[in-house]
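On a predicted model such as this, the values are computed, not experimentally measured, just so you know. For the numbers below, each heavy atom of this structure counts, side chains included, while hydrogens, waters and symmetry mates do not.
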Amino acid sequence: MVSDMGGFEAGTRARVAASRAGRGPGAAATAGTEPSEPTPEAGAADAPADPPGASARPEDPGRETRAGGAGAPVPVALSHEAHGDGPELVLLHGVGLDRHLWDRCLPALAARHRVTLVDLRGHGASPAAAAGVSLAELAADVAALLSGPTHVVGFSLGALVAQRLGLDRPDLTASLTLVSSVADRSDEERAAVELRQELAVQDFGASAWAAVDRWFSPAWRAQEPGLARQVLDTLLANDRASYLACYQVFATADAGLWPWLPRIAAPTMAVTGERDPGSTPAMSHRLAERIPGGRAVIVPGARHLLPLECPQELADLILAHTGTHTGTHTGTHTGTHTGTLTGTRSRTRPGSHPGQESHRS
């Protein structure tokens with residue numbers, strides 16, 4: 001059973017601070033560090049204006065595709081399985097987890113869709129991820145599995161992969177559902193994720209325990225101690241080098257995506273928990289405002305692991321979104337509106353609350 005870890009974060013900060021103090025400017029790069037993405041050619045006609053305060057443009061996510069495939073990432077064959085029948089839907093998990101994250105949502109989703117669950121590169125039964133793996137490569141791996149327009153549902157790291165897929169392969173994305181996604185981290189939020197990344201380098205086991213402590217409330221942990229232990233075991237079973245390589249993508253990719261999000265044409269819904277400290281409600285609202293036609297849904301009382309904490313509620317939201325957008329998209333939407341949605345949804349954890357929703361289009 002996972003124990004409480006009061007004071008753990010303070011101790012982590014002290015250890016990381018001591019490590020930083022002893023690191024000289026010529027120290028070797030951290031394992032799994034992803035190189036900076038190349039900038040597009042100067043004066044490229046399709047490049048958007050730089051975001052405020054940007055010193056350099058990130059890579060244009062769709063550039064290789066528009067250029068005819070030159071330099072496009074080479075995908076690896078992902079371990080995957082399919083269930084059900086109906087419009088295609090693919091489920092993408094978060095860093096350090098695997099496709100079993102979606103087990104509780106699968107029955108409801110497979111009743112309406114042909115659902116493909118995948119292990120991302122570096123996770124589960126899929127090939128290892130090398131240091132320097134990019135978000136573009138992770139997205140290309142998923143694209144290689146898809147044969148046509150597909151509803152793409154991504155959790156955490158998987159939500160970043162989904163966004164990149166929507167930019168690189170709009171022909172394959174019938175809709176996007178971004179679950180517990182980070183977006184446009186502040187300096188403070190970026191520092192916090194860097195702290196966790198450094199802990200994973202120094203003490204992988206401690207970082208896994210800290211993740212479970214963030215994700216599970218004391219009440220939920222007491223109610224389902226076996227589930228907390230299962231999530232911890234999944235984290236600890238990861239290949240360390242692959243985990244660090246993919247965590248580097250998770251820690252940095254939102255900054256590179258941000259300038260290009262207005263180009264996403266797929267109908268997009270961002271969903272997160274009210275009490276998620278890392279993928280915050282503010283981030284989901286920013287995604288809804290940034291992506292044309294986007295909408296944000298905040299699940300009251302929930303933390304990070306929505307597919308496990310409130311699977312029925314999440315499945316209902318996904319099905320409502322995919323059911324509204326059954327065909328392929330043809331472009332972006334215009335206009336703005338805001339609203340609220342209330343009503344009681346079933347969930348597996350105690351404390352059912354009305355849902356809250358805001359729309360930006």
Would a distance-only check, ignoring hydrogens and angles, find a side-chain to backbone donor-acceptor pair under 3.5 Å from [X] to [Y]?
{"X": "R303", "Y": "G273", "answer": "no"}
{"X": "S126", "Y": "S79", "answer": "yes"}
{"X": "R104", "Y": "H100", "answer": "no"}
{"X": "R221", "Y": "F216", "answer": "yes"}
{"X": "T252", "Y": "Q248", "answer": "yes"}
{"X": "R290", "Y": "W258", "answer": "yes"}
{"X": "D276", "Y": "G278", "answer": "yes"}
{"X": "Q223", "Y": "W220", "answer": "no"}
{"X": "R286", "Y": "A183", "answer": "yes"}
{"X": "H123", "Y": "C246", "answer": "no"}

Test: R185 cationic atom under 6.0 Å from F250 six-membered ring centre, within 45° of axis: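 Yes.
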Parallel, tilted or perpendicular: ring planes of H304 versus F155, cut at 30 and 60 degrees: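 Ring orientation of H304 relative to F155: tilted.
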Under the salt bridge (Lys or Arg N to Asp or Glu O under 4.0 Å) test, residues paired with D119 that sit two or more places apart: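 Salt bridge (Lys or Arg N to Asp or Glu O under 4.0 Å) check on D119 returns R99.
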Student check: side-chain heavy atoms of R196 and L199 closer than 4.5 Å: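 No - every pair of side-chain heavy atoms lies 4.5 Å or more apart.
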Heavy-atom check, side chain of Q163 versus side chain of D254, under 4.5 Å: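 When only atoms from C-beta onward are counted, D254 and Q163 do not touch, as no gap falls below 4.5 Å.
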D85 atom CG, neighbour heavy-atom count above 12 within 6.0 Å: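 Result for CG/D85: open.
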